[in-house]
Amino acid sequence: MSTIKKFQVTFDCAEPERVARFWCEVLGYVMPQPPKEFATWEDFRNAEPPEERDTWSACVDPSGEGPRLYFQRVPEGRVAKNRVHLDVRVGTGLVGAERLAVLEAECARLVALGAKHVTTLYADEENESCIPMQDIEGNEFCID
């Protein structure tokens with residue numbers, strides 16, 4: 001039997017710190033502390049060779065429960081549908097109009113942060129409502 005392992009979710013993006021800060025706001029995550037030999041992230045960046053500066057960023061769950069999110073700069077933009085995406089669980093346990101109201105309120109909050117509302121999928125006989133969205137660089141995610 002396999003043991004549960006910690007994991008991180010990695011995003012390819014153009015502006016790692018900007019995208020990391022967006023996801024901190026979405027999830028209530030925080031930027032991690034800089035490596036212990038540096039007082040600040042600015043000190044760390046200044047110690048790196050110019051070609052390696054600002055090539056990555058990360059954010060972490062302050063409770064230590066959720067996975068670390070890692071953001072790495074890549075030269076190309078997103079060209080196809082994500083094969084994996086995050087579901088941000090804000091409506092767990094809610095149904096019908098109550099669930100939809102919570103999802104719509106979260107959608108409005110995230111749009112104000114720069115996310116894009118793609119569509120609203122309304123409840124039917126099999127599924128509850130959810131709202132597919134895109135983050136500030138077009139990475140797909142859902143609030144459900």
Side-chain angles (χ1 to χ4, degrees), residues 1-45 48 51-144:
M1 181 148 111
S2 132
T3 59
I4 296 173
K5 297 173 178 61
K6 290 279 188 178
F7 68 95
Q8 77 176 10
V9 178
T10 300
F11 291 72
D12 291 345
C13 55
E15 297 179 73
E17 186 173 339
R18 178 175 173 249
V19 180
R21 290 190 182 282
F22 170 83
W23 282 101
C24 282
E25 290 294 324
V26 171
L27 300 173
Y29 273 35
V30 296
M31 303 297 279
Q33 293 297 312
K36 53 188 149 195
E37 57 272 15
F38 298 97
T40 67
W41 278 110
E42 190 63 30
D43 292 343
F44 173 79
R45 283 185 194 94
E48 289 189 305
E51 67 276 5
E52 293 181 24
R53 287 184 191 145
D54 302 318
T55 59
W56 66 274
S57 191
C59 62
V60 295
D61 178 350
S63 74
E65 292 289 318
R68 178 179 189 246
L69 302 183
Y70 181 80
F71 305 88
Q72 62 188 5
R73 187 172 63 206
V74 297
E76 70 280 352
R78 188 178 72 86
V79 296
K81 181 174 175 30
N82 294 10
R83 302 254 338 221
V84 174
H85 68 267
L86 300 183
D87 285 341
V88 180
R89 310 298 307 272
V90 297
T92 303
L94 303 176
V95 296
E98 183 181 19
R99 177 185 174 89
L100 186 58
V102 167
L103 297 179
E104 288 174 337
E106 183 67 358
C107 179
R109 183 180 82 84
L110 300 181
V111 166
L113 294 174
K116 179 182 175 192
H117 174 216
V118 175
T119 191
T120 299
L121 301 174
Y122 296 97
D124 59 26
E125 299 80 37
E126 296 178 29
N127 300 298
E128 278 297 331
S129 298
C130 73
I131 301 178
M133 300 188 74
Q134 292 179 347
D135 74 10
I136 56 176
E137 285 201 4
N139 297 303
E140 298 158 348
F141 70 98
C142 291
I143 51 176
D144 74 358

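Numbers here are sequence positions counted from 1.
- The minimum heavy-atom distance between A20 and A58, with the atom names listed, is CB-O, 4.1 Å.
- Panel note: side chain T120, backbone I131; no donor-acceptor pair is recorded below 3.5 Å.
- Taking 4.5 Å as the limit, every side-chain heavy atom of L27 sits out of range of all side-chain heavy atoms of D61.
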Assess the residue pair E48 and R45 against the criterion (salt bridge (Lys or Arg N to Asp or Glu O under 4.0 Å)); give the C-alpha distance rounded to whole Å, side-chain angles, the decisive distance to 0.1 Å, and a yes or no. CA-CA 5 Å; E48 289 189 305; R45 283 185 194 94; over 6 Å; no

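- Side-chain contact annotation: D12 with Q72, donor-acceptor N/O pair under 3.5 Å present.
- Each of Y70, F71, F22, W56 was scored for a ring-ring contact (aromatic ring centres under 6.0 Å, His included) with F11, with one residue passing: F71.
- Across every non-hydrogen atom of G91 and R99, the tightest pair is O-NH1, 2.9 Å.
- Ion pair E25/R21 not flagged as a salt bridge, since none of the NZ, NE, NH1 or NH2 atoms sits closer than 4.0 Å to an Asp/Glu carboxylate oxygen.
- Contact record, C107 with M133: SG-CE, 3.7 Å, taken as the closest heavy-atom pair.
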Please lay out, stage by stage, how S57 and M31 fare under the test side chain to side chain contact (heavy atoms under 4.5 Å, CB included). CA-CA 8 Å; S57 191; M31 303 297 279; 3.2 Å; yes

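- No donor-acceptor pair under 3.5 Å is formed between the side chain of E17 and the backbone N or O of D54.
- D87 contributes no side-chain N or O that, together with a main-chain N or O of R89, makes up a donor-acceptor pair within less than 3.5 Å.
- Between the side chain of Y29 and the backbone N or O of R68, no donor-acceptor pair lies under 3.5 Å.
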For a side chain to side chain contact (heavy atoms under 4.5 Å, CB included) check, start with the C-alpha distance between L113 and W23, then their side-chain angles and the critical distance, and finish with the verdict. CA-CA 10 Å; L113 294 174; W23 282 101; over 6 Å; no

Run the side chain to side chain contact (heavy atoms under 4.5 Å, CB included) test on V118 and Q134 for me, step by step, so that the C-alpha distance in whole Å, both residues' side-chain angles and the decisive distance to 0.1 Å come before the verdict. CA-CA 7 Å; V118 175; Q134 292 179 347; 3.8 Å; yes

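- Considering every non-hydrogen atom in both T40 and D43, the closest pair reads OG1-N, 3.0 Å.
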